[in-house]
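If you read the sequence from its start, that first residue is 1, and numbering goes on from there.
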Amino acid sequence: MEHKSTEEKSSKISQVEQAVDNLGEDKLDEILTNFDSFKDFLGDKVVMGKKMGLTEEQLAIAAQKVGNFLSKHEQARNREEKLLQELWLVGSEEEQHMLSHMLVKLVRD
């Protein structure tokens, strides 16, 4: 039974990742234009994840996937994003994961 629950939650994390991948360029520009827009977007995704039954750890994993996507495909568009990007790039995978936890805490209601 536990295995099925883990599979279901893994599938939910994949859904979050797919939603980020499917963002259009205009929507991505809107989200990344300023840090408050980015925090609002991430906060909305955290709320969605909670409603889907994701745990704090699973939310951090999803945030880490978003961070990986952004670090590979997007340039920082403001000072706050530049700082996050630089921290992300110098951090180990474990440090990136901890930063993801902190970002989830930052935006949760």
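Using modelled atom types, one finds no donor on one side chain facing an acceptor on the other under 3.5 Å when comparing Asp40 with Ser37.
Atoms CZ and CG, on Phe38 and Leu70 in that order, are 6.0 Å from each other to the nearest 0.5 Å. Here the straight-line distance linking atom CZ of Phe35 with atom CG of Leu42 works out to 9.0 Å at 0.5 Å rounding. Rounding to the nearest 0.5 angstrom, the gap separating the CE atom in Met52 from the CG atom in Leu59 is 9.5 Å. A distance of 12.5 Å separates CD in Gln96 from CE in Met98, rounded to the nearest 0.5 Å.
Residues Thr33 and Asn78 approach most closely at O-ND2, 3.7 Å, considering heavy atoms. Contact between Asn34 and Asp36 at its shortest, heavy atoms only, is OD1-N, 3.0 Å. Across Val90 and Glu95, no two heavy atoms sit closer than the pair O-OE1, 4.2 Å. Scanning all heavy atoms of the two residues, the minimum distance from Arg108 to Val46 falls at CB-CG1, 4.2 Å. Closest heavy-atom contact between Arg77 and Leu32: CB-O, 3.4 Å.
Aromatic ring orientation, His97 versus His101: perpendicular (interplanar angle above 60°, classes split at 30° and 60°).
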* Asked: How far apart are the C-alpha atoms of Asp44 and Val107, what are their side-chain angles, what is the distance that settles it, and do they pass the side chain to side chain contact (heavy atoms under 4.5 Å, CB included) test?
  -> CA-CA 9 Å; Asp44 289 345; Val107 300; over 6 Å; no

* To do: Go through the steps to decide whether Gln75 and Lys82 satisfy the test side chain to side chain contact (heavy atoms under 4.5 Å, CB included), and finish with yes or no.
  => CA-CA 8 Å; Gln75 293 296 318; Lys82 180 68 173 165; over 6 Å; no

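Under a 3.5 Å cut-off, the side chain of Gln58 and the backbone N or O of Thr55 do form a donor-acceptor pair. The main-chain N or O of Ser100 is never found under 3.5 Å from a side-chain atom of Gln64 such that the two would form a donor-acceptor pair. In this structure, Gln85 contributes its side chain and Glu81 its backbone to no donor-acceptor pair below 3.5 Å.
Ion pair Glu80/Lys39 not flagged as a salt bridge, since none of the NZ, NE, NH1 or NH2 atoms sits closer than 4.0 Å to an Asp/Glu carboxylate oxygen.
Taking the salt bridge (Lys or Arg N to Asp or Glu O under 4.0 Å) definition, one finds that Glu30 meets it with Lys27, sequence neighbours left out.
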